[in-house]
Amino acid sequence: MRIGVLGTGNMADALATHWARAGHQVAIGGRDPHRAERLARRIGGGVQSAGLRAAAEFGQEVVLAALPFEAGADVARDLRASLQGKVLLDCSNPVGPGFRLLTQGGSSAAQRLAGAAPGAHVVKAFNLCHENVWRMRPPVFGGRPLAVPVCGDDETALARVRELVRDVGGEPVAGGGLERAGLLEATAALFISLWVGEGADAQAIAPPLTHAAGPL
């Protein structure tokens with residue numbers, strides 16, 4: 001695939017590195033061309049650097065929005081013509097001070113991207129883990145690959161993102177339509193508050209699948 005990456009931060013670095021190693025063509029786009037160039041050079045593997053618009057145009061199949069929540073919709077609105085018909089992959093977390101969900105009572109971050117770029121096929125994924133987890137090769141815990149929920153409405157878009165999840169070393173899990181993206185974002189807010197605020201093991205709050213439906 002040809003993948004455009006909007007952003008030059010840690011998530012852009014972690015995910016683009018995996019995808020370049022998997023053989024995809026990748027362009028890193030940022031407002032600061034020098035930072036985009038440094039990241040592309042560090043990743044290697046033929047990764048290109050560009051501005052935001054050029055990266056969106058480069059990504060023929062997929063464009064990763066590795067952007068802060070506050071900037072995502074504005075950038076998508078500016079680039080909506082370049083995003084037409086493409087997968088727009090959102091990994092953002094709208095979590096503010098006190099682990100507060102910034103979208104409480106409104107549209108999810110993913111839905112706001114979809115509203116800003118109505119011709120794109122928005123998919124939510126990769127938002128539940130710290131970027132260092134995505135740097136693992138692969139992210140496997142206790143012998144099990146990390147499960148990665150994926151939410152979206154377009155089957156072709158979902159299939160492409162499932163491939164990218166596998167390229168990272170994870171196992172894609174059907175998370176439902178884009179209307180469920182807000183649940184993923186709320187889950188991230190809860191998990192971050194448990195991990196960071198309480199020092200608790202969020203993974204331990206759910207029973208095994210064999211016990212999930214009640215008594216055996």
Run the numbers on Thr103 and Gln111 for side chain to side chain contact (heavy atoms under 4.5 Å, CB included), then give the verdict.
-> CA-CA 10 Å; Thr103 55; Gln111 288 173 316; over 6 Å; no
Separation between [atom1] of [X] and [atom2] of [Y], rounded to the nearest 0.5 Å:
X: Gln48; Y: Phe58; atom1: CD; atom2: CZ; value: 4.5 Å
X: Leu88; Y: Leu6; atom1: CG; atom2: CG; value: 7.0 Å
X: Glu171; Y: Arg162; atom1: CD; atom2: CZ; value: 10.5 Å
X: Arg2; Y: Gln25; atom1: CZ; atom2: CD; value: 5.5 Å
X: Arg38; Y: Ser49; atom1: CZ; atom2: OG; value: 11.0 Å
X: Asn93; Y: Leu128; atom1: CG; atom2: CG; value: 7.0 Å

Which heavy atom in [X] sits nearest to a heavy atom in [Y], and how many Å separate them?
X: Thr8; Y: Ala36; value: CG2-CA, 3.7 Å
X: Val123; Y: Ala157; value: CG2-CB, 3.8 Å
X: Ala76; Y: Leu113; value: CB-CD2, 3.8 Å
X: His121; Y: Gly85; value: CD2-O, 3.7 Å
X: Pro172; Y: Val150; value: CB-CG2, 4.4 Å
X: Trp134; Y: Cys129; value: NE1-O, 3.3 Å

Any side-chain heavy atom of [X] sitting closer than 4.5 Å to one from [Y]?
X: Asp153; Y: Glu179; answer: yes
X: Arg21; Y: Thr17; answer: yes
X: Ile43; Y: Ile28; answer: yes
X: Leu89; Y: Arg160; answer: no
X: Leu64; Y: Leu164; answer: no
X: Val161; Y: Val62; answer: no

Okay, side chain of [X], backbone of [Y]: is any donor-acceptor separation there less than 3.5 Å?
X: His130; Y: Asn132; answer: yes
X: Glu185; Y: Asn127; answer: no
X: Lys124; Y: Leu184; answer: no
X: Trp19; Y: Asp167; answer: no
X: Arg180; Y: Gly175; answer: yes

Ionic contact status for Glu57 with Lys86, cut-off 4.0 Å =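 Result for this pair is no, no salt bridge flagged.
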Could you check Val168 against Val148 for side chain to side chain contact (heavy atoms under 4.5 Å, CB included), going step by step and ending with a plain yes or no?
-> CA-CA 10 Å; Val168 168; Val148 182; over 6 Å; no
Is it true that [X] and [Y] fall in one hydrophobic cluster, defined by side-chain heavy atoms closer than 4.5 Å?
X: Leu194; Y: Leu146; value: no
X: Phe69; Y: Leu15; value: no
X: Val87; Y: Val165; value: yes

Ile205 atom CD1, over 12 foreign heavy atoms within 6.0 Å =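 Yes, enclosed.
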Just wondering, more than 12 heavy atoms not from Arg135 lying within 6.0 Å of its CZ?
->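 More than 12 within 6.0 Å, yes.
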Residue pair Glu61, Glu163: steps toward the side chain to side chain contact (heavy atoms under 4.5 Å, CB included) verdict | CA-CA 12 Å; Glu61 291 86 14; Glu163 179 181 344; over 6 Å; no
Walk me through it: do Leu79 and Val63 pass the test side chain to side chain contact (heavy atoms under 4.5 Å, CB included)?
-> CA-CA 11 Å; Leu79 301 178; Val63 177; over 6 Å; no
If a pair satisfies salt bridge (charged side-chain N to carboxylate O under 4.0 Å, His left out) and one of its residues is in residues 72-85, list it, with sequence neighbours excluded.
->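 Listed by first then second residue: Asp74-Arg77.
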Residues that Phe191 engages under ring pair (Phe, Tyr, Trp, His ring centres under 6.0 Å), provided they are two or more places apart |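 So Phe191 forms a ring pair (Phe, Tyr, Trp, His ring centres under 6.0 Å) with Trp195.
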